[in-house]
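Everything on this sheet refers to the single structure shown next.
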Amino acid sequence: MKITIISVGKIKEKYLRDAIAEYSKRLSRYCRLEIIEVADEKTPDQAGATVEEQIRDKEGARILRYIRDDMYVVTLEIGGKMLSSEELAQKMDTLGIQGVSSIAFVIGGSIGLGREVLRRSDYHLSFSKMTFPHQLMRVILLEQVYRSYRIINGEPYHK
């Protein structure tokens, strides 16, 4: 299975880069992992709905350049479906059994994802009703993908 994480913005904090590197290393025994960063747009203070929509659409166009037709696309959204770790593992395992060989997880920028990205999404996933910084979300996602592979393979992992 190939896992692609497409995320808006760069990771600036060393501790987050270190965590991403650690989970990337751990995942290398289970899947091929690619992390793609697309440039984020500066959101002006007091930006109105129209400006925010334009920003999401610009970032969305950058994201869509990396999404191939054969990818199963999972967008991370507050309003998406919440799954337990076991349910995410089951979802990923089932996709593999059904012949899906490439999953793209998409993490939007600070104001969310554009309409076209949401339209292209095959599955809308929520990790919480809370809002997380998109940089931290990358670490959380990698940890949960790693946990999923441990569960799929019947391997122990701390609870």
Side-chain angles (χ1 to χ4, degrees), residues 1-41 59-110 112-114 116-159:
M1 177 78 69
K2 176 161 186 201
I3 302 291
T4 304
I5 296 176
I6 305 170
S7 183
V8 174
K10 296 228 180 270
I11 302 292
K12 297 172 185 79
E13 296 83 358
K14 183 182 181 323
Y15 71 96
L16 292 175
R17 286 195 315 266
D18 290 347
I20 290 165
E22 177 62 28
Y23 282 110
S24 296
K25 183 176 92 177
R26 290 182 187 191
L27 278 165
S28 67
R29 63 182 285 224
Y30 299 104
C31 64
R32 289 177 294 126
L33 176 68
E34 180 179 21
I35 298 174
I36 298 168
E37 295 176 333
V38 300
D40 56 348
E41 290 288 316
E59 291 173 347
R62 293 179 189 134
I63 289 167
L64 289 169
R65 277 184 262 185
Y66 293 99
I67 295 177
R68 295 185 323 274
D69 289 343
D70 66 332
M71 288 178 156
Y72 186 89
V73 178
V74 178
T75 48
L76 276 59
E77 309 171 41
I78 288 175
K81 181 166 174 49
M82 283 193 252
L83 301 176
S84 67
S85 296
E86 293 80 9
E87 289 169 330
L88 178 60
Q90 179 64 46
K91 177 89 177 148
M92 290 175 58
D93 193 36
T94 299
L95 288 170
I97 291 167
Q98 292 172 342
V100 171
S101 61
S102 184
I103 301 174
F105 289 93
V106 179
I107 303 171
S110 60
L113 292 165
E116 292 303 314
V117 175
L118 296 173
R119 198 170 289 127
R120 174 58 181 89
S121 179
D122 296 300
Y123 195 84
H124 307 270
L125 177 64
S126 175
F127 275 68
S128 174
K129 289 183 179 180
M130 293 185 273
T131 301
F132 296 105
H134 58 282
Q135 298 92 339
L136 179 60
M137 198 62 231
R138 196 179 312 177
V139 176
I140 295 169
L141 172 61
L142 284 168
E143 190 280 333
Q144 284 298 301
V145 170
Y146 173 68
R147 184 180 296 267
S148 292
Y149 277 111
R150 299 288 292 191
I151 291 168
I152 290 165
N153 289 293
E155 298 168 350
Y157 194 70
H158 65 278
K159 301 201 185 275

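Given the structure is predicted, the values throughout are model-derived calculations rather than measurements.
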**Prompt:** Do we see a donor-acceptor contact under 3.5 Å between the side chains of Gln98 and Thr94?
**Reply:** no
**Asked** What residues form a salt bridge (charged side-chain N to carboxylate O under 4.0 Å, His left out) with Glu41, not counting sequence neighbours?
**Response** Arg62
**Message:** Would you say NZ of Lys10 has more than 12 non-hydrogen atoms from neighbouring residues, nucleotides or ligands within 6.0 angstrom?
**Reply:** no
**Message:** Under the rule for salt bridge (charged side-chain N to carboxylate O under 4.0 Å, His left out), what residues qualify as partners of Lys25, not counting sequence neighbours?
**Reply:** Glu22
**Request:** Look up atom OG in Ser28 and atom OH in Tyr146, then write down how far apart they are to the nearest 0.5 Å.
**Result:** 10.0 Å
**Asked** Taking all atoms of both residues into account, what is the closest heavy-atom pair of Met92 and Phe105, and its distance?
**Response** SD-CZ, 4.4 Å
**Message:** Show, in sequence, the C-alpha distance, side-chain angles and deciding distance for Glu59 and Asp40, and conclude whether the side-chain contact (heavy atoms from CB on, under 4.5 Å) test is met.
**Reply:** CA-CA 6 Å; Glu59 291 173 347; Asp40 56 348; 3.6 Å; yes
**Request:** Measure the shortest side-chain to side-chain distance between Lys91 and Tyr123 over non-hydrogen atoms and say whether it is less than 4.5 angstrom.
**Result:** yes
**Message:** The test is side-chain contact (heavy atoms from CB on, under 4.5 Å); show your working for Ile36 and Ile5 and say whether it passes.
**Reply:** CA-CA 6 Å; Ile36 298 168; Ile5 296 176; over 6 Å; no
**Item:** Distance (rounded to the nearest 0.5 Å) between Glu116 CD and Leu113 CG
**Value:** 12.0 Å
**Item:** Any Tyr30 side-chain heavy atom under 4.5 Å of Val145 side chain
**Value:** no
**Item:** Under the salt bridge (charged side-chain N to carboxylate O under 4.0 Å, His left out) test, residues paired with Arg29 that sit two or more places apart
**Value:** Glu155
**Message:** If I take atom CG from residue Leu136 and atom CG from residue Leu16, how far apart are they, to the nearest 0.5 angstrom?
**Reply:** 6.0 Å
**Side-chain heavy atoms of Met82 within contact of Lys129, under 4.5 Å** = yes
**Request:** Taking all heavy atoms of Ala104 and all of Ile6, pick out the closest pair and write down the distance.
**Result:** CB-CD1, 4.4 Å
**All side chain to side chain contact (heavy atoms under 4.5 Å, CB included) counterparts of Thr131, not counting sequence neighbours** = Ile78
**Prompt:** Are any non-hydrogen side-chain atoms of Ser7 and Ile35 less than 4.5 angstrom apart?
**Reply:** no
**Message:** Between Ile11 and Glu37, is there a side-chain heavy-atom distance shorter than 4.5 Å?
**Reply:** yes
**Message:** Ignoring hydrogens, what is the shortest heavy-atom contact between Glu77 and Ser126? Give both atom names and the distance.
**Reply:** O-CB, 3.0 Å
**Prompt:** Atom CG of Leu33 and atom OG1 of Thr4: how far apart are they, to the nearest 0.5 Å?
**Reply:** 7.5 Å
**Item:** Backbone of Lys12 reached by a side-chain donor or acceptor of Arg17 within 3.5 Å
**Value:** yes
**Message:** Run Leu64 and Val117 through side-chain contact (heavy atoms from CB on, under 4.5 Å) and show every step you take.
**Reply:** CA-CA 7 Å; Leu64 289 169; Val117 175; 4.0 Å; yes
**Asked** Mind checking what makes salt bridge (charged side-chain N to carboxylate O under 4.0 Å, His left out) contact with Asp69, not counting sequence neighbours?
**Response** none
**Partner residues of Tyr72 under the ring-ring contact (aromatic ring centres under 6.0 Å, His included) criterion, sequence neighbours left out** = none
**Request:** Nearest 0.5 Å please: distance from the OG atom of Ser85 over to the CD atom of Gln144.
**Result:** 3.5 Å
**Request:** Side-chain contact test, heavy atoms from C-beta onward, threshold under 4.5 Å: evaluate it for Ser110 versus His134 and give yes or no.
**Result:** yes
**Contact summary for Val73 and Arg120, nearest pair of heavy atoms** = CG2-NH1, 3.4 Å
**Asked** Taking the side chain from Glu87 and the backbone from Ser84, do they hold a donor-acceptor pair closer than 3.5 Å?
**Response** yes
**Message:** So which atom in Val100 and which in Met1 form the shortest heavy-atom distance, rounded to 0.1 Å?
**Reply:** O-CE, 3.3 Å
**Asked** Which of these passes side chain to side chain contact (heavy atoms under 4.5 Å, CB included) with Val106: Thr75, Val74, Leu76?
**Response** Thr75
**Item:** SB check Arg147 Glu143 (cutoff 4.0 Å)
**Value:** yes
**Message:** Determine whether a donor-acceptor pair (N or O, by modelled atom type, separation under 3.5 Å) exists between the side chain of Asn153 and the backbone of Tyr149.
**Reply:** yes
**Item:** Distance in Å, Ser102 OG paired with Ile3 CD1, rounded so as to fall on 0.5 Å steps
**Value:** 7.5 Å
**Prompt:** For Pro156 and Arg150, which heavy atoms make the closest approach, and how far apart are they?
**Reply:** O-NH2, 2.7 Å
**Message:** Any non-hydrogen side-chain atom of Lys81 less than 4.5 Å from a side-chain atom of His124?
**Reply:** no
